[in-house]
2 protein chains.
Amino acid sequence: MLFFTNDDINAVLTMRDCIDTFEQTYRDVAAGHAVNGRRSDMITTTAHPNAVYQLKMVGAVVPRYAVGAIRINSDILSFPVIQGKARKVKVPAASGNRWVGLVMLFDTATGAPLALFPDGVMQRMRVGATSGLGVRYLARPDARRAAILGSGWQAGAQAQALAATRDVERLVVYSPDVARRTAFAGELERQLMLPVQPAASAEQAVKDADIVLCATNSLQPVLSPQWLRPGMHVGSLRVGEIDTRTLTAFDRVVVHDRGNMRDDHLVVAEGIDHREKTSPLPTTLAAAPSLAELVSGRAAGRTGDGELTAFLNYHGLGYQFAAAGALLLEKARVAGRGRELPDEWFTQDVHS
Amino acid sequence: MLFFTNDDINAVLTMRDCIDTFEQTYRDVAAGHAVNGRRSDMITTTAHPNAVYQLKMVGAVVPRYAVGAIRINSDILSFPVIQGKARKVKVPAASGNRWVGLVMLFDTATGAPLALFPDGVMQRMRVGATSGLGVRYLARPDARRAAILGSGWQAGAQAQALAATRDVERLVVYSPDVARRTAFAGELERQLMLPVQPAASAEQAVKDADIVLCATNSLQPVLSPQWLRPGMHVGSLRVGEIDTRTLTAFDRVVVHDRGNMRDDHLVVAEGIDHREKTSPLPTTLAAAPSLAELVSGRAAGRTGDGELTAFLNYHGLGYQFAAAGALLLEKARVAGRGRELPDEWFTQDVHS
């Protein structure tokens, strides 16, 4: 049983490896070999002021890697209005101003625990890698100009996924705060070794882009239908970032997983006004192809240079943690990373 | 962040405290204050011979105790036929012949992890305490004679629950193996300090009983409708122990939770023949009252001495781990039990 830190994970996982591993995993998903548990977001009152408590769990088993994974998040959520837009903010309320997100991995051959680690770095990597698969199958092969809307933790991973899947020559970033977007552009420029410019508006950022990846924490639309052009590929991480009307303008929309498109993973206690509940997904997406169908060839990818495509990378799936977790175990073994924890803490001599 | 062993838990949790805590918890459930995640049992292939792999997760939050709980089981399941009956057996395949079941508790005020412990002792206690609530509300107040079918780990907890809720004067136990049932009767006699006899058949065990609690690992019926008498209360832990036809003989049937009565918590990989899938619940139970409705007074309990009642304690709920976990934290604090683990292992300085 190994314990990894976010630094361990950051040191051994690369975006390209993750994308390749996910491609194989989603093919297993399409074939029904890998299974995903039903996600639950449990939301109740909390003693923390002006907030709700959210306990989230997802899980999956990917037999190819002999790994099962459970990911747990225990969060204090607040919903401040920032620059006129409602945002969801996770409050670091645990001791030392920390957040709580954990992954545990298990061995399908013995049931034994394999690893325990915080979910932060992997969470970002798996969201990025999944969007990267969307780019690989849906963006024009010759796409060179890209835009990122958002400048947070997830936006950085989206940029890495872009760089791992297309020969990007120019990247433009936008987020409402000037200082943040400027710093973010500089950071990406150093990291990806390509020109990255901050834009003064979302419209300007999107203007000449072949690929637009939205990675904001906005609960309101960030993209206008007037900004879309034939041949463009758009990615989105959050329900509501692209509104229903805008979605109808696309020639091809692929969703992460139809089962996870419904709101039925939300379990909300009586008397809680949970704002996210008010963003139901358009019913027109009920039959949209899934990423697993796309990468397994059961659904078509882009069929022409003029197509306007979208990949809606909404809601996490446990598969991602099982697959990235298996990759982590393999890479950490080679790199000698991880700290042994006593197996006895995570196993027992009685029958449950 | 505390780590508890099964011994710690066994030392501080009592059946009576658990039943009382659960009574309060199920009232909160009825009022919608406590929430339960959607359970998932993920079942795939395994490298272990003649078996399947099952990764199970349940979770819940009970704001009254400011506790959220996740319970995880990682099991190798085999289905041998023993004495002509199909049974489900969990193989202790982890290093040192151990099983894998874990509970984690979280603080709803901060999100912080509170405790990690194996689920064995608590699992047994929570099943027993839940059946005990069934007895408290559905068995005749003057019930004195009881029978237990089964002699395993769960059967012992059922006997404790009986002793905590009614003044039992005579207990009869039956299970197919003579040596096991004799040993079990002796063990219960010492533990509960009341006369306990082994019976030669299930029919003989049930003959004069006011209360019959079934706690077998049989996937086939263990109770015949001819053995039922007016005024009797019957409990069951496993789908299939009491068949559909027998259930129609009861005047009042209460289920643990209607939401958990469906088979939709099973997520089975392609190509797996999962035997439990073949035990669907009778549709006549779709509108049966739940335990939460019973203890909150929204559904009636026993209304007369001649009523034949049943409580079907099928499928666990996360509430039980949150409530018993809160009780454990309280009792362990007083008793000075538990070992500190570094909070930093279970929290992080990045935003997931």
Side-chain angles (χ1 to χ4, degrees), chain A residues 3 6 31-38 40 42-48 53 55 57 59-61 63 66 68 70 72-76 90 93-96 98-102 104 106 108-113 118-121 123 153 267-270 343 345-352, chain B residues 3 6 31-38 40 42-48 53 55 57 59-61 63 66 68 70 72-76 90 93-96 98-102 104 106 108-113 118-121 123 153 267-270 343 345-352:
Chain A
F3 173 73
N6 274 321
H33 299 314
V35 296
N36 202 63
R38 301 187 307 163
S40 279
M42 295 162 263
I43 295 161
T44 69
T45 53
T46 171
H48 196 93
Y53 174 69
L55 182 61
M57 58 179 189
V61 186
I70 302 274
I72 302 169
N73 294 91
S74 173
D75 286 309
I76 306 299
K90 293 182 180 178
S95 177
R98 290 163 73 90
W99 289 274
V100 181
L102 290 166
M104 288 196 68
F106 300 91
T108 65
T110 64
D119 76 338
V121 167
Q123 143 72 5
W153 177 246
V267 188
V268 183
E270 277 298 312
D343 274 13
W345 292 3
F346 301 88
T347 62
Q348 59 189 341
D349 59 5
V350 294
H351 196 298
S352 77
Chain B
F3 171 73
N6 274 322
H33 300 314
V35 296
N36 202 64
R38 301 187 306 161
S40 279
M42 295 162 261
I43 295 162
T44 69
T45 53
T46 170
H48 195 92
Y53 175 68
L55 183 61
M57 58 180 189
V61 186
I70 302 273
I72 301 169
N73 294 91
S74 173
D75 286 309
I76 307 298
K90 294 183 180 179
S95 178
R98 288 162 75 90
W99 290 274
V100 181
L102 290 166
M104 288 196 67
F106 299 92
T108 65
T110 64
D119 75 338
V121 166
Q123 143 73 6
W153 177 245
V267 188
V268 183
E270 277 298 313
D343 275 12
W345 292 3
F346 301 89
T347 62
Q348 58 188 342
D349 59 4
V350 294
H351 197 296
S352 78

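Predicted model only: the values in this text are computed from it and were never measured. All chains are named by letter (A, B, ...) in the order of the sequence lines, taking the proteins before the strands, and each is independently numbered beginning at 1.
When the candidates A:V61, A:V121, A:D343, A:T45 are compared by the number of heavy-atom contacts under 4.5 Å with chain B, A:V61 comes out ahead. Top candidate by heavy-atom pairs under 4.5 Å with chain B, chosen from A:A66, A:A60, A:G96, is A:A60. Residue with the most contacts toward chain A among B:A47, B:G59, B:G68: B:G59 (heavy-atom pairs, distance under 4.5 Å). With respect to chain B, the highest number of heavy-atom pairs below 4.5 Å among A:H48, A:M104, A:M42, A:E270 belongs to A:M42.
Across every non-hydrogen atom of B:A269 and A:H33, the tightest pair is CB-O, 3.6 Å.
Heavy-atom distances place no part of A:A34 under 4.5 Å from chain B, backbone and side chain included. With a 4.5 Å cut-off on non-hydrogen atoms, A:N6 touches chain B through its side chain but not through its backbone. The part of A:F3 that comes within reach of chain B is its side chain, from C-beta onward, which places non-hydrogen atoms under 4.5 angstrom from that chain.
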Go through it in stages, so that I can follow the logic: the residues are A:D75 and A:Y53, the test is side chain to side chain contact (heavy atoms under 4.5 Å, CB included), and I'd like the CA-CA distance, side-chain angles, deciding distance and then a yes or no. CA-CA 6 Å; A:D75 286 309; A:Y53 174 69; over 6 Å; no

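Counting heavy atoms from C-beta on, the side chains of B:L55 and B:I72 come closer than 4.5 Å. Side-chain contact between B:D119 and A:Q348 is present, with heavy atoms from C-beta onward closer than 4.5 Å.
Rounded to the nearest 0.5 Å, atoms CE (A:M57) and OG (A:S40) are 4.5 Å apart.
A:T347 meets the side-chain contact (heavy atoms from CB on, under 4.5 Å) test with A:P113, B:A94, B:R98, B:V100; sequence neighbours excluded.
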